[in-house]
Every structure is written in C-alpha cells, then in structure tokens.
Amino acid sequence: MTTNILPLLPIMIPFFAGIIMLFVGKRPIAHRVIAAISGLLLILSALWLVVHVYQNGTIVTFLGNWAAPFGISVVIDMAAALLLTTTAIITFLTVVYSYQSIGIERETFYYYVMIMFMITGVNGAFSTGDIFNMFVFFEVFLLASYVLITLGGTKIQLQEGFKYIIVNIISSNFFVLALAYLYSVTGTLNMADINVKLEGFDGNYSIMSLVAVVFLFVFATKAGVFPLYFWLPGSYYAPPMPVLVLFGALLTKVGVYAIARTYSLFFIDNTAFTHQMLLFLALLTIVMGCIGALSYSDMKKTIIYNIIIAVGIILVGVAMMDETGMLGAFYYLIHDMIIKAALFMLVGFLIYRTGETNADRLGGLIKIHPFTGWMFFIAALALAGVPPLSGFYGKLFIVQSAFENGQHIAAIIVLASSLVVLYSIVSLFIKAFWGEEMDFNTLKPVKSGKILFASIAMVIVSIAFGLAADVLYPLFEMAAQSFYDPSSYSQYITEVE
C-alpha cells in the first residue's frame with residue numbers, strides 16, 4: 001500500500017517551511033520570503049485538492065503502510081479541502097500583512113516559524129481521519145499559539161497568555177479523558193471505524209452521552225462556546241493584530257469543525273439529548289456575544305465578540321444535523337473565516353495609522369482614506385449577512401433549517417443577531433469614518449501599502465465568495481453531505497482489506 005503524498009502537502013509544506021526557517025537563523029527577510037512562498041504553495045495545493053475531490057471523491061491515504069483502522073489515516077473530503085483552501089488564503093495574506101505591522105523584533109525571534117507550525121496543526125486537524133491524531137494536531141497548533149500570544153513580552157500579553165495556556169492545558173487533559181472513554185466503548189480511534197461500530201452498538205448508550213458531554217466541554221472551550229468563552233475576549237485582545245487575525249479567523253473554527261465532525265460521526269443515536277444540548281448552548285452563545293458586541297466602542301473587542309456570535313450561529317446549523325442546516329453551517333463557517341480576517345486587518349490598519357483602538361476617539365477618516373472606509377462598510381454588510389454578500393447564504397439556510405425543524409425561537413434569535421451585528425459594526429464605521437473630524441496631525445506617517453493590500457484583498461475574496469455562492473453550491477453540497485450523511489465519510493473503511 002503506497003502512501004499518496006499529495007493529500008499530505010497542506011501539512012508538510014508549513015512544517016518543512018518552519019524547519020527551514022529555524023536553520024536559516026535570525027534573518028527576518030529570509031523568513032518573510034520563505035513564509036510567503038509557503039503560503040502560495042499552500043493555496044495551490046489546496047486548490048488542487050478541491051478540484052481532485054470534486055472530480056474523484058474523497059481522498060484517503062495511510063501512513064507507514066498501515067491501513068485503517070490500525071494506521072494513521074489522512075482523509076480529505078470536500079469539507080476538509082475547502083477549509084484547507086480558506087486557511088491557505090488567510091495564511092498568505094496574513095504573512096504579507098505582517099511585513100509592516102508585526103515589527104522587526106518579533107520577526108527576528110521566529111514569528112513566521114510559529115505561524116508555519118500553527119498552520120501545520122490547523123491543517124492537520126482538518127485533515128486527519130483519526131481522533132487521537134486530531135488531539136495531536138490540536139497540541140501542535142496550541143504550542144505555536146502559546147508562543148505567538150506571548151511573543152513580544154508586553155504585560156497584557158503575559159497576563160492573558162498565562163490564562164490562555166492554563167485553560168487550554170485543562171481542556172487538553174479532558175480531551176485525553178474523552179478519548180479513553182471512547183476507546184473503551186469502541187476499541188478504535190479511527191473516526192470512520194468508530195462510526196461503523198457505533199451503528200451496530202447494542203450496549204448502554206448512556207456512556208456515549210457522557211462522552212458527548214466531555215467532548216463538547218473540550219471543543220466548546222477551544223471554540224468559545226457559552227459558558228466556556230470567558231477566556232477568549234481578553235486572550236484575543238492581547239496579541240498584535242496579525243496574530244489576532246489568525247486566532248480570530250482560524251483557531252475558534254477548528255473547535256467548531258471538531259464539534260461538527262464528532263457529533264455527526266459519534267453521537268448519532270441520542271440526538272434528543274446531544275444535539276438539543278448543543279443547540280441550547282449555541283443560542284446562549286449568540287445572546288452573550290450580542291451583549292458583548294453592543295457593550296464596547298473598542299474596535300478590537302467589538303469584533304472579538306462578533307466571533308462568539310458567529311460560533312453560535314454556525315453551531316445552530318450543526319445542531320439541526322440535516323442537509324439544509326449543515327449546508328448553511330458550512331457556508332457560514334467559510335464566510336466567517338474570511339470576513340473576520342478582513343475586518344481584523346482593516347481595524348489593524350486604523351489602529352496602526354491612528355494609535356487608537358476606541359472608535360469614539362476617531363472621526364472623519366473617510367476624507368483621507370475613502371477607499372478603505374468603503375471597504376470597511378462592505379465588510380460590515382457582509383458580516384451582517386446583507387444579500388448578495390457572503391454572510392447571507394449561510395444564515396439563510398440555517399434559518400430555513402431551524403424553521404423546518406420546528407425550532408422557531410432559534411431561527412428568530414439568529415435573525416435578530418443579524419441586526420445586532422449590523423449595528424455594532426456599522427456604528428464603528430460611522431464613528432471612525434463619519435464622526436466629528438479628529439486631529440489629522442496626530443496620524444502616524446507610516447508605510448501601509450502591504451497592510452492595505454492584504455486587507456483589501458481579503459475583502460475582495462469575501463465579495464467574490466458571496467457573488468460566486470451559486471457557482472460554489474455543488475462544492476458546499478458535497479462538504480455538507482459528510483456531516484448529515486456520515487456514511488459518505490466513513491464508507492472508505494469498508495473498502496480497506
């Protein structure tokens with residue numbers, strides 16, 4: 001049995017790029033070049049995977065000549081391929097954005113190395129077909145994120161970084177506990193094999209309900225689900241803006257993906273408990289995120305709380321666990337990764353230019369940055385789900401699914417959250433760009449070409465995604481199928497001799 005190297009490229013490219021940069025030493029310019037080339041290679045490899053999966057179906061490869069369920073398997077279905085592509089685009093543009101925003105001191109001390117190692121873990125979590133190796137890849141990107149959140153050593157970074165590390169160490173220990181429970185029931189850690197064995201499970205299913213609770217505790221902590229999001233606003237506020245772009249766009253989404261994957265494959269016989277619990281927490285997450293988004297005029301905090309709102313909306317679609325709900329959840333997942341990166345980049349530019357994070361202290365910037373201002377406005381509309389921009393389609397399917405499943409309160413909360421999101425972000429736009437003119441003499445005369453290039457490019461990606469939603473529908477239909485119809489994901493295990 002020959003290992004197919006191509007599905008492994010999204011994991012291997014950033015890993016070996018990080019290793020090369022370590023051997024290069026403290027040479028920031030060389031690190032920039034290697035990181036940018038790696039980002040472009042990631043985009044090309046991920047796009048190739050999307051095309052290949054669309055034409056030929058799910059790609060499965062086994063490492064070390066050991067077939068599943070005994071060996072390590074990498075499974076690239078359409079969901080994984082789309083997530084890898086989105087991650088690659090965000091990574092490349094964040095690297096470009098970092099050139100003028102992260103600072104030469106952090107670049108010297110292996111900033112780009114840590115980005116590459118973090119992306120290795122993120123891509124591995126999206127690609128693995130083994131739940132234990134999902135834990136391993138979680139630890140890979142968390143170890144890199146520990147460095148990134150504290151790199152620079154400012155007081156707030158060290159304070160919030162310590163909290164971030166403690167919370168994730170505790171949740172990782174519970175992850176191991178959940179794996180032990182799961183293995184005791186199924187005797188395997190291959191996700192497809194677990195699904196097949198649980199289909200014929202005739203034991204006491206209460207143990208699986210317990211496992212579902214422990215898994216939800218672990219992944220909800222990573223994703224920022226109520227009430228386990230307490231660490232997120234402070235920890236995400238602490239690092240420099242390029243790090244926040246990656247954290248806000250990618251890390252919470254890995255937790256959301258893990259919930260969707262495990263709840264669709266493992267916890268399928270007691271959905272009255274598991275998925276209703278997930279729905280209840282998702283709705284509370286939306287409500288608490290809305291309260292936070294309305295409570296601040298600080299631009300970073302407002303968008304951070306909008307991350308929490310988006311996590312809740314996606315999980316409402318996941319909790320429905322039907323075709324329409326999962327289609328909406330996946331549309332909205334990809335949309336939110338892109339638009340959060342765009343908004344954080346734009347806010348980072350404003351902070352870089354003005355030195356202020358509070359929108360109340362800004363005003364009149366539309367006169368000197370009109371194009372950037374209107375790009376911010378478009379991004380705000382996309383985030384709120386105004387048609388035909390990217391946030392509309394996912395939310396439409398999620399609300400439709402909620403109504404079809406009799407979850408009218410859930411549908412109304414999702415719709416109401418759109419108004420809160422629109423108000424919270426447009427109010428930032430009005431204050432910063434249309435409010436009473438600030439003293440323009442206080443603006444920093446800094447170079448920002450690369451920052452603006454990355455920011456505008458990310459907004460354009462979001463616009464293109466929204467306008468191409470109909471064209472991309474077959475891809476998202478394939479991606480959703482592996483969740484609402486788990487046999488389409490696990491069928492490869494029956495073909496392994």
Side-chain angles (χ1 to χ4, degrees), residues 13-14 16-44 86-120 122 144-145 147-154 157 236 238-251 299-300 337-338 340-355 357 369 371-372 375-376 379 443-462:
I13 290 171
F16 285 112
I19 296 295
I20 291 169
M21 283 188 274
L22 286 175
F23 280 103
V24 166
K26 296 179 180 180
R27 297 169 59 188
I29 303 303
H31 288 188
R32 289 182 181 183
V33 174
I34 295 169
I37 293 173
S38 301
L40 288 173
L41 291 175
L42 276 174
I43 293 173
L44 293 175
T86 309
T87 300
I89 294 170
I90 292 170
T91 301
F92 172 70
L93 290 177
T94 303
V95 167
V96 175
Y97 186 89
S98 300
Y99 290 170
Q100 291 176 324
S101 60
I102 194 64
I104 192 68
E105 295 84 3
R106 289 186 174 94
E107 287 183 305
T108 301
F109 286 94
Y110 303 106
Y111 163 75
Y112 295 106
V113 176
M114 291 301 111
I115 286 182
M116 290 297 110
F117 287 155
M118 192 181 85
I119 298 305
T120 300
V122 170
S145 72
V147 178
L148 288 171
I149 200 172
T150 55
L151 188 61
T154 63
Q157 282 183 273
Y236 278 23
M241 190 55 71
V243 176
L244 177 52
V245 170
L246 291 173
F247 281 21
L250 300 180
L251 295 196
M299 294 182 288
K300 288 171 66 175
M337 292 171 72
I338 297 169
K340 285 300 190 305
L343 279 169
F344 278 125
M345 285 180 176
L346 288 168
V347 165
F349 165 73
L350 296 180
I351 296 171
Y352 186 65
R353 190 83 165 88
T354 65
T357 62
H369 293 296
F371 186 68
T372 304
M375 286 291 104
F376 190 99
L443 296 179
K444 298 178 181 178
V446 291
K447 293 182 179 180
S448 56
K450 296 180 180 66
I451 293 176
L452 282 177
F453 167 79
S455 305
I456 302 306
M458 193 60 74
V459 177
I460 291 172
V461 170
S462 173

The criterion is side chain to side chain donor-acceptor pair (under 3.5 Å); which residues satisfy it with Tyr111, sequence neighbours excluded? Ser98

By ring pair (Phe, Tyr, Trp, His ring centres under 6.0 Å), Tyr99 pairs with (sequence neighbours left out) none

Sorted by chain and number, sequence neighbours left out, side chain to side chain contact (heavy atoms under 4.5 Å, CB included) with Leu41 holds for Ile13, Ile37

According to side chain to side chain donor-acceptor pair (under 3.5 Å), who are the partners of Gln157, at least two apart in sequence or on a separate chain? Arg106, Thr154

With sequence neighbours excluded, what pairs up with Thr120 under the side chain to side chain donor-acceptor pair (under 3.5 Å) test? none

Just verifying a value: how many Å separate Leu452 CG and Phe349 CZ, rounded to the nearest 0.5 Å? 4.5 Å

My understanding is that only residues two or more places apart in sequence, or in another chain, count here; which of them pass side chain to side chain contact (heavy atoms under 4.5 Å, CB included) with Ile20? Val24, Ile34

Is the backbone of Gly25 close enough, under 3.5 Å, to the side chain of His31 for a donor and an acceptor to pair up by distance? yes

Check side chain to side chain donor-acceptor pair (under 3.5 Å) between Thr87 and all other residues, then give those that pass, not counting sequence neighbours. none

I'd like to check the side chain to side chain contact (heavy atoms under 4.5 Å, CB included) partners of Val461; sequence neighbours left out, ordered by chain and number. Ile89, Ile338

Atom CZ of Phe453 and atom CD of Gln100: how far apart are they, to the nearest 0.5 Å? 11.5 Å

All side chain to side chain contact (heavy atoms under 4.5 Å, CB included) counterparts of Ile351, not counting sequence neighbours: Met241, Met299, Lys300, Val347, Thr357

Who are the ring pair (Phe, Tyr, Trp, His ring centres under 6.0 Å) partners of Tyr236, not counting sequence neighbours? Trp231, Phe247

Residues in salt bridge (charged side-chain N to carboxylate O under 4.0 Å, His left out) contact with Arg32, at least two apart in sequence or another chain: Glu107

Might you point out which heavy atoms bring Lys340 and Gly248 nearest each other, and give the distance in Å? CB-O, 4.4 Å

What is the minimum heavy-atom distance between Pro242 and Thr94, and which atoms define it? O-CG2, 3.6 Å

